[in-house]
Amino acid sequence: MNNEHINMNTLFWFRRDLRVLDNAGLYHALKQAYISGGTTQCVFVFDTGILQHLPKKDRRVRFIWDSLLELDAILRGYGGTLTVLVGNPIELIPSLAKTLKVQAVYINHDDEPQSLIRDAAVANILIAQQQQLYSYKDHVVFERNEIMSQQNKRYSVFTPYKNAWIKKLSTGNSFYTQAYPVDRYTVAFSRSTPTVDNLLWQSKKFLNQLGFDEHYKMLTPAGVSGANFVLNDFINRMENYANTRNFPAIKGPSYLSVHLRFGTISVRQLVNEALQRIQTEGAMVWLNELIWRDFYHQIMHHHPQAMTQSFKPDYDRIVWATGDKAEQLFLAWSEGKTGYPLVDAAQRQLNQTGYMHNRLRMVSACFLVKDLGIDWRRGEAYFAQHLNDFDLAANNGGWQWASSSGCDAQPYFRIFNPITQSEKFDEKGIFIRRYVPELASLNNKHIHAPWLANNPLFGKTNTNYPAPIIDHAQARLDTLTRYAVVKKIGNVKISLIKEI
């Protein structure tokens, strides 16, 4: 028997987990290297298969690059380094693993359908090279099959899922939210110089070489330091979250979604922050939002077909508006020129900043689907291209909720009235005036429906703000007719349906 001790060298592949501390996969990579006397090297790949579909002024690329610069500095503080590559990770990761002669590559789970295909392809090549790919849960608190009913069935309704989620967490004695003690094993970071040219990526010219504008950055600070700054600011406001989160003119949301998306902060840390303040309504409501995030990710795992099709198959029988008229309506929606001020302000916020307030995501989505009659998938794709915090599971879940085609979605006959929503959530028109300045002179009453202001400038050809592109009352009736093709929902009396 060969008792020769084997030093196990590992490679950790960063993806949507751009931090060192409390990183599950990195912890396991370092621990395995440490206990065997080996070392761990780190890599990130700018996937050209993804980059080629992004707009050249994509703030997310700059956010990733800024976060990587900070991540590299943190790794160097521990004695490690970060290798950054550009290309197809299916080719690059196995090639680097072979060059470095590691025994295994470590990652954190990414359950998006295309990511699973990519990771399976990488794993197969590594196996052929007599190397392994190990993957760990890190992006959510509970995933895949961890929250099941007593009958061992998956949940498709949020409230019972939430109750089971909270019960499992409370009986886990903090196990599920404990931070991974990466610090114990950081001595295992490789001190060796990477075998690939690893200097060019740290220059701003690198972004230009990728085809992106290096000046186009988010308002949200990047990296772990940025995440901590945003978190500390929100902690001081968390207790008021329930009362402020729906009003886009005030600082109510956490603004942490982009940091969760790219993993510059741990979801376990955020859950613990909420639990420490759970006696306040704000913390409880915010925890609820984090649970929704887990919920949508387990839906994606169990129902990957819902990422391109309606979760409720019958809803794919709906005939959506198409043709030149529909294209004109979609363009007006996307540019914030619908004539409905709150919808337009929401779209302009997205186009100008890459962020849209959560309440307005519902308002905007409902308007596109149920006022304009346009397929939810088109809106989902637009958000995917423009949202800084785009996350497939959450984006898909949100759009299918608005279109009533998703799991636990709003009923099809719940149709947001864009004027009522505007009056309720931006009563004084502060947010509207910020993003639709051409309406600034209107009073607080007329700013929600400027065509009623009896001002000859509004709704005429000589103004820079359009009349409504569609009559909401008629669009509501058209939507009820459109949705009537779906089984079991065509017999609701219109007279009994209330707007919100």
Review point. Salt bridge between Asp110 and Arg16, side-chain N to carboxylate O under 4.0 Å?
Key: yes
Practice item. Could you pull out all residues at least two apart from Trp401 that satisfy side-chain hydrogen bond (donor to acceptor under 3.5 Å, both in side chains)? Key: none
**Study point:** Carboxylate-amine/guanidinium proximity below 4.0 Å for Arg19 and Asp138
**Key:** yes
Review point. Tell me, do Val86 and Val45 make a side-chain contact under 4.5 Å, heavy atoms counted?
Key: no
Exercise for review: Go through the steps to decide whether Tyr435 and Phe431 satisfy the test ring-ring contact (aromatic ring centres under 6.0 Å, His included), and finish with yes or no.
Suggested key: CA-CA 7 Å; Tyr435 287 100; Phe431 183 81; 5.1 Å; yes
Review point. For Lys57, does the NZ atom sit with more than 12 other heavy atoms under 6.0 Å from it, leaving out its own atoms?
Key: no
Revision key, fill the gap. Here the gap from Met8 atom CE to Gln32 atom CD, rounded to the nearest 0.5 Å, amounts to 4.5 Å
Check your understanding: With Gln103, which residues qualify under side-chain hydrogen bond (donor to acceptor under 3.5 Å, both in side chains), at least two apart?
Key -> none
Exercise for review: Apply side-chain hydrogen bond (donor to acceptor under 3.5 Å, both in side chains) to Ser266 and list each qualifying residue two or more places apart in sequence or on a separate chain.
Suggested key: Asp22
Review point. Among Arg154, Lys168, Lys137, whose salt bridge (Lys or Arg N to Asp or Glu O under 4.0 Å) with Glu146 holds?
Key: Lys137
Review point. Do His357 and Asn246 have side-chain N/O donor and acceptor atoms under 3.5 Å apart?
Key: no
Point to revise | Cation over ring face, Arg15 and Trp13, 6.0 Å, 45° | key: yes
Exercise for review: Please assess Val267 against Arg293 for the test side chain to side chain contact (heavy atoms under 4.5 Å, CB included), listing each intermediate value before the final yes or no.
Suggested key: CA-CA 10 Å; Val267 66; Arg293 183 172 173 272; 3.7 Å; yes
Review point. Is it true that a side-chain atom of Arg377 and a backbone atom of Thr308 form a donor plus acceptor pair closer than 3.5 Å?
Key: yes
Check your understanding: Do Asp183 and Tyr78 get their side chains close enough for a donor-acceptor pair, meaning under 3.5 Å?
Key -> yes
Check your understanding: Taking the six-membered ring of Tyr176, is NZ or CZ of Arg268 closer than 6.0 Å to its centre and within 45° of its axis?
Key -> no
Point to revise | Flag for Gln129-Gln131: side-chain donor and acceptor within less than 3.5 Å | key: yes
Exercise for review: Dump the intermediate steps for ring-ring contact (aromatic ring centres under 6.0 Å, His included) on Tyr34 and Tyr185, then the final yes or no.
Suggested key: CA-CA 6 Å; Tyr34 176 82; Tyr185 305 110; 5.2 Å; yes
Practice item. Would you check if there is a donor-acceptor pair between the side chains of Ser404 and Gln410 at a distance under 3.5 Å? Key: no
**Study point:** Ring center gap for Phe142 and Trp165 short of 6.0 angstrom
**Key:** yes
Practice item. Report yes if the side chains of Glu143 and Gln298 come closer than 4.5 Å at any heavy-atom pair, otherwise no. Key: no
**Study point:** Pair Arg261-His139, side-chain hydrogen bond (donor to acceptor under 3.5 Å, both in side chains): steps then yes or no
**Key:** CA-CA 8 Å; Arg261 166 61 181 87; His139 195 58; 6.0 Å; no
Check your understanding: Do any N or O atoms from the side chain of Asn272 and from the backbone of Thr177 form a donor-acceptor pair under 3.5 angstrom?
Key -> yes
Exercise for review: Output, in order, the C-alpha distance, side-chain angles, deciding distance and verdict of side-chain hydrogen bond (donor to acceptor under 3.5 Å, both in side chains) for Ser405 and Trp399.
Suggested key: CA-CA 9 Å; Ser405 61; Trp399 275 93; over 6 Å; no
Check your understanding: Quick one: does Phe158's side chain get under 4.5 Å of Cys407's, heavy atoms only?
Key -> no
Check your understanding: Is there a donor-acceptor contact under 3.5 Å from the side chain of Asp316 to the main chain of Ser310?
Key -> yes
Show me the donor-acceptor pairs, under 3.5 Å and distance only, between side chains in residues 229-241 and residues at least two apart or in other chains.
unit_1	atom_1	unit_2	atom_2	d
Asn232	ND2	Asn228	O	3.1
Asp233	OD1	Lys251	NZ	3.3
Asp233	OD2	Arg237	NE	3.2
Asp233	OD2	Arg237	NH2	3.1
Asp233	OD2	Lys251	NZ	3.1
Asn236	ND2	Asn232	O	3.3
Arg237	NH1	Lys251	O	3.1
Arg237	NH1	Gly252	O	3.3
Arg237	NH1	Pro253	O	3.1
Arg237	NH2	Pro253	O	3.1

Exercise for review: Answer yes or no: are there more than 12 heavy-atom neighbours, outside Lys312 itself, under 6.0 Å from its atom NZ?
Suggested key: yes
Review point. Does the distance from a Lys or Arg side-chain N to an Asp or Glu carboxylate O, for Arg245 and Glu289, drop under 4.0 Å?
Key: yes
Review point. Would Asn145 and His302 satisfy side-chain hydrogen bond (donor to acceptor under 3.5 Å, both in side chains), going step by step from the backbone distance to the final call?
Key: CA-CA 9 Å; Asn145 298 318; His302 289 296; 3.3 Å; yes
**Study point:** Main-chain N/O of Gln349 paired with Gln352 side-chain donor or acceptor, under 3.5 Å
**Key:** no
Practice item. Given side chain to side chain contact (heavy atoms under 4.5 Å, CB included), test Leu11 with Tyr106 step by step and report yes or no. Key: CA-CA 6 Å; Leu11 174 66; Tyr106 285 72; over 6 Å; no
Point to revise | Distance flag, aromatic centroids of Tyr27 and Phe12, threshold under 6.0 Å | key: no
Review point. With ring centroids as reference points, do Tyr136 and His28 lie under 6.0 angstrom apart?
Key: yes
Check your understanding: Is there a donor-acceptor pair closer than 3.5 Å between any side-chain N or O of Asn108 and the backbone N or O of Gly25?
Key -> yes
Check your understanding: Between Tyr155 and Phe295, does a ring-ring contact (aromatic ring centres under 6.0 Å, His included) hold up when you go through it step by step?
Key -> CA-CA 8 Å; Tyr155 286 101; Phe295 177 67; 8.3 Å; no
Review point. Do any N or O atoms from the side chain of Ser170 and from the backbone of Ile166 form a donor-acceptor pair under 3.5 angstrom?
Key: yes
Check your understanding: Is it true that a side-chain atom of Arg76 and a backbone atom of Thr81 form a donor plus acceptor pair closer than 3.5 Å?
Key -> no
Distance-only check: which donor-acceptor pairs under 3.5 Å involve side-chain atoms of residues 61-71, not counting sequence neighbours?
unit_1	atom_1	unit_2	atom_2	d
Arg62	NE	Asp66	OD1	3.0
Arg62	NE	Asp66	OD2	3.0
Arg62	NH1	Glu214	O	2.1
Trp65	NE1	Trp201	O	2.7
Ser67	OG	Phe63	O	2.8
Ser67	OG	Gly223	N	3.0
Glu70	OE1	Ser225	OG	2.5
Glu70	OE2	Val224	N	2.6
Glu70	OE2	Ser225	N	2.9

Point to revise | Crowding at CD, Gln130 (>12 non-hydrogen neighbours, <6.0 Å) | key: no
Exercise for review: Please answer whether the main-chain N or O of Glu273 pairs with a side-chain N or O of Arg277 as donor and acceptor at a distance below 3.5 Å.
Suggested key: yes
Exercise for review: Locate the shortest heavy-atom distance separating Gly38 from Asn9; write the atom from each residue and the value.
Suggested key: CA-OD1, 3.4 Å
**Study point:** Thr48 side chain to Leu51 backbone, donor-acceptor under 3.5 Å
**Key:** no
Review point. Please, which pairs that meet side chain to side chain donor-acceptor pair (under 3.5 Å) have at least one residue in residues 379-388, sequence neighbours excluded?
Key: Asn351-Tyr382, Glu380-Asn396
Review point. Are the side chain of Arg60 and the backbone of Leu387 linked by a donor-acceptor contact shorter than 3.5 Å?
Key: yes
